[in-house]
Amino acid sequence: MVYIDAVHYEQDEYGNEYIARMKWTNYLTTQATDECTKRQMIDFISKNPNCTKTKYYGYGHWTAGEDVRVVDNRYLRTDANNIKADNLGSLPRY
């Protein structure tokens with residue numbers, strides 16, 4: 001399983017924020033130290049469906065979050081609707 005626990009946003013030429021990079025790990029109980037671009041994660045999830053989740057730290061421990069899905073080979077989302085935008089829950093920014 002791959003767990004994403006932090007995201008880095010950038011702005012496009014119109015001032016809209018988008019996820020550019022994220023931190024991930026294969027372990028639920030440790031903070032992520034590996035980093036990849038959004039495109040790299042989209043490619044990974046497309047080749048390995050149903051093996052990527054968010055995770056959150058609180059009250060002294062890590063908790064698995066939602067499944068991460070790819071929409072239109074362009075967006076990363078945690079919910080099942082097909083809104084054309086990134087949505088990885090309320091992961092912390094870095």
Side-chain angles (χ1 to χ4, degrees):
M1 184 65 66
V2 169
Y3 297 98
I4 300 169
D5 68 17
V7 290
H8 177 77
Y9 286 83
E10 294 182 1
Q11 286 189 351
D12 65 17
E13 62 271 17
Y14 305 106
N16 299 314
E17 282 192 326
Y18 65 93
I19 295 173
R21 296 185 306 276
M22 61 210 60
K23 292 200 176 181
W24 64 275
T25 182
N26 293 115
Y27 306 103
L28 177 60
T29 58
T30 60
Q31 185 171 5
T33 56
D34 295 311
E35 184 178 34
C36 69
T37 65
K38 181 172 86 170
R39 172 51 43 201
Q40 290 170 318
M41 186 59 70
I42 287 171
D43 292 344
F44 173 80
I45 294 171
S46 295
K47 293 174 186 170
N48 304 280
N50 303 317
C51 70
T52 306
K53 291 182 170 281
T54 57
K55 71 175 183 171
Y56 302 90
Y57 188 80
Y59 303 105
H61 67 278
W62 289 97
T63 303
E66 304 84 15
D67 291 326
V68 179
R69 296 170 189 80
V70 175
V71 174
D72 284 355
N73 198 33
R74 185 173 174 188
Y75 303 105
L76 294 172
R77 299 201 48 90
T78 56
D79 55 21
N81 66 34
N82 285 324
I83 294 173
K84 308 279 195 251
D86 292 321
N87 170 9
L88 289 183
S90 55
L91 289 175
R93 295 175 180 228
Y94 71 96

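Remember, predicted model here, so these are calculated numbers, not experimental data. When a residue number appears, it is its place in the shown sequence, counting from 1.
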Got a second to check how far [X]'s [atom1] is from [Y]'s [atom2], nearest 0.5 Å?
{"X": "Met22", "Y": "Asp5", "atom1": "CE", "atom2": "CG", "answer": "11.5 Å"}
{"X": "Lys55", "Y": "Leu28", "atom1": "NZ", "atom2": "CG", "answer": "6.0 Å"}
{"X": "Ile19", "Y": "Ile4", "atom1": "CD1", "atom2": "CD1", "answer": "8.0 Å"}

Taking side-chain contact (heavy atoms from CB on, under 4.5 Å) as the test, write out the residues that go with Arg39, two or more places apart. Thr37, Ile42, Asp43, Asn73

I'd like to know if the side chain of Thr52 reaches the main chain of Val2, judged simply by a donor and an acceptor atom lying under 3.5 Å from each other, with no hydrogens or angles considered. no

Applying salt bridge (charged side-chain N to carboxylate O under 4.0 Å, His left out), name anything that partners Arg69, two or more places apart in sequence or on another chain. none

Could you work out, with salt bridge (charged side-chain N to carboxylate O under 4.0 Å, His left out) as the rule, every residue matching Lys53, not counting sequence neighbours? Asp67

Within one Ile-Leu-Val-Met-Phe-Trp-Tyr cluster: Val68 and Val7, side-chain cutoff 4.5 Å: yes

Same cluster for Ile45 and Val71 if Ile/Leu/Val/Met/Phe/Trp/Tyr side chains link at under 4.5 Å? no

Hydrophobic clusters join Ile, Leu, Val, Met, Phe, Trp and Tyr when side-chain heavy atoms are under 4.5 Å apart, directly or via other members; which others share one with Tyr59? none

Strictly by salt bridge (Lys or Arg N to Asp or Glu O under 4.0 Å), give each pair with a member in residues 20-29 just once, sequence neighbours left out. Glu10-Arg21, Arg21-Glu35

Which heavy atom of Cys36 sits nearest a heavy atom of Met41, and at what distance? SG-CE, 3.7 Å

Do the non-hydrogen side-chain atoms of Lys38 and Asp86 ever get within less than 4.5 Å of each other? yes

Measure the shortest side-chain to side-chain distance between Tyr57 and Pro92 over non-hydrogen atoms and say whether it is less than 4.5 angstrom. no

Pairwise ring-ring contact (aromatic ring centres under 6.0 Å, His included) hits with a residue in residues 2-54, at least two apart: His8-Tyr94

Should we count CG of Asn50 as having more than 12 external heavy atoms under 6.0 Å? no

